[in-house]
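Notes to accompany the following structure.
So you know, we letter chains A, B, ... as the sequences are listed, proteins then strands, and number each from 1.
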2 protein chains.
Amino acid sequence: MNKGEQKRQDIIAHALTLASQVGLEGLSLGALATSMDISKSGLFAHFKSKEALQIAVLELACERFAAEVIAPALAQPRGERRLNTLFDNYIGWVRDQSNQGSCIFMSLAHEFDDRPGEIRDLLVKSWRDWGGTIARVAATAITEGEFRPDCDPAQFAFEMIGIAMVFENAHKLLGEVQAEARARMAFKRLIRSYRLSEPRSQTASH
Amino acid sequence: MNKGEQKRQDIIAHALTLASQVGLEGLSLGALATSMDISKSGLFAHFKSKEALQIAVLELACERFAAEVIAPALAQPRGERRLNTLFDNYIGWVRDQSNQGSCIFMSLAHEFDDRPGEIRDLLVKSWRDWGGTIARVAATAITEGEFRPDCDPAQFAFEMIGIAMVFENAHKLLGEVQAEARARMAFKRLIRSYRLSEPRSQTASH
DNA sequence: AGAAAAATAGCACGATCGGTCGTATTTTCA
DNA sequence: TGAAAATACGACCGATCGTGCTATTTTTCT
């Protein structure tokens, strides 16, 4: 690999860390260069514009998400097992990202929902892909005979994402220690209501 | 009322509109002044610092939220009726805010989850209050004999907020027309699983 | 009406922003 | 090894940021 290309990847990785904390707009080229002990212009030379760097950062985040959250889940057997793993990995991703900043996809959702452009388009696409992935996995739980045949996988995806969102808020902003337990309880309830049979012994209590 | 105080309230209201679009940090005093056809220093003279303005903006948002979302719900009879109204008003709030920017509380949650200070403290307090309010109303559904006596109102609040969060994302960022229907379906499912009896005829289908 | 007080505008400050340019250094490869 | 190409640097640009200071206009009160 070129030395330049290596450095470029290095910059993008650092930028992703920084962007998780201050967003993609708040990401400052000067601050990024200083934190890497290189000059601002030396850093800038690797990208034709700030937006190009921002896009590269978002693409890297997508790659990591696919590798850390989606891929391991697809290795699980179809149906509820795979769905559980997908949720576990998602919660784990959000929790881990919270140590340095927050889940970049959730941050950017609010940063760019009013800002048209290539970044927003890319972000929308990645969110749609993610929802589609969840729905597709949920659909395998139907074909495996675990979920009701007439249930809506897209609705399942919608609700699962909601759990992850409120989990991040409770965990990161509010600092609630029970946040993860609450998220898992919510997911358990979600799964149960999509099953073919609902045992009466289980309740929504804590 | 003083003319100065009147102008101050005017500025705060305009700032709230602007902050809903660009966040509280992205709120620029110069841009705000220009949009109100006054000078930047004339505007600034009403506040000892930008942070003071930001805090005033957040407090105004809290007042409006209490008046538009919470108060009308408390006028409803205790129990599920009140809970339904609370949810309806919340979804309505998020939807309406989305026309100009987005729900400021959700935006700020990501903007300030890593930024200590008075604004963050105020934001955390308002989120805790909101969760507490939902839980308190959910608790009335227990005493009214509609919800299971052993269910957890705080868990209910957690999940209801999650639905509102994913609704905003689906509605504003992704532009999904079914977003509101999805949110209502999710809430229906949430309510049902907290009830004393669960009629077998209802399903999670679309 | 006139004086005291409040409100507003004009201006300038240091800092930081994304971005450009000319030049020096390093890497690459024949 | 030597020349071309890639990479990094410091200086600098125009714009914008929050924030003081001062003068002027407008409101308020006796």
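- As rounded to whole Å, 14 Å separates atom C1' of dT16(C) from atom CD of Glu25(B).
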Show each protein N/O and nucleotides 6-9 of chain C N/O combination with a separation under 3.5 Å, one pair to a line.
{"residue": "dA7(C)", "atom": "OP1", "partner": "Gly4(B)", "partner atom": "N", "Å": "3.4"}
{"residue": "dT8(C)", "atom": "OP1", "partner": "Lys3(B)", "partner atom": "NZ", "Å": "3.4"}
{"residue": "dT8(C)", "atom": "OP2", "partner": "His46(B)", "partner atom": "NE2", "Å": "2.3"}
{"residue": "dA9(C)", "atom": "OP2", "partner": "Ser39(B)", "partner atom": "N", "Å": "2.9"}
{"residue": "dA9(C)", "atom": "OP2", "partner": "Ser39(B)", "partner atom": "OG", "Å": "2.9"}
{"residue": "dA9(C)", "atom": "O5'", "partner": "Ser39(B)", "partner atom": "OG", "Å": "3.4"}
{"residue": "dA9(C)", "atom": "N7", "partner": "Ser41(B)", "partner atom": "OG", "Å": "3.3"}

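- Whole-Å rounding puts the Leu32(B) CG to dC17(D) P distance at 11 Å.
- Here dG18(D) presents its P atom at 8 Å from CG of Leu27(B), a figure rounded to the nearest Å.
- Between Leu53(A) atom CG and dC17(C) atom P there is a gap of 14 Å when expressed in whole angstrom units.
- We find that CZ of Arg8(B) is positioned 19 Å from C1' of dT27(D), with the value rounded to whole Å.
- For the pair Phe44(B) CZ and dC21(D) C1', the computed distance is 12 Å after rounding to whole Å.
- Nearer to the 5' terminus of DNA chain C, by closest-nucleotide assignment, is the contact made by Ser28(A) (compared with the other of Lys48(A) and Ser28(A)).
- Judged by distance alone, the side chains of Glu111(B) and His110(A) never bring a donor and an acceptor atom under 3.5 Å apart.
- Cation-pi contact between Arg184(B) and Phe187(B): absent, since separation from the ring centre below 6.0 Å together with deviation from the ring axis within 45° is not met.
- No side-chain donor from either of Thr140(A) and Arg82(A) sits under 3.5 Å from a side-chain acceptor of the other.
- Rounding to the nearest 0.5 angstrom, the gap separating the CZ atom in Arg95(A) from the CZ atom in Phe167(A) is 6.0 Å.
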Step by step, would you call Trp130(B) with Phe65(B) a ring pair (Phe, Tyr, Trp, His ring centres under 6.0 Å)? CA-CA 10 Å; Trp130(B) 174 226; Phe65(B) 188 86; 4.8 Å; yes
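- Remark: P of dC17(D) and CG of Leu24(B) are 16 Å apart, rounded to the nearest angstrom.
- Note that CD of Gln155(A) is 9.0 Å distant from CG of Leu190(A), once rounded to the nearest 0.5 Å.
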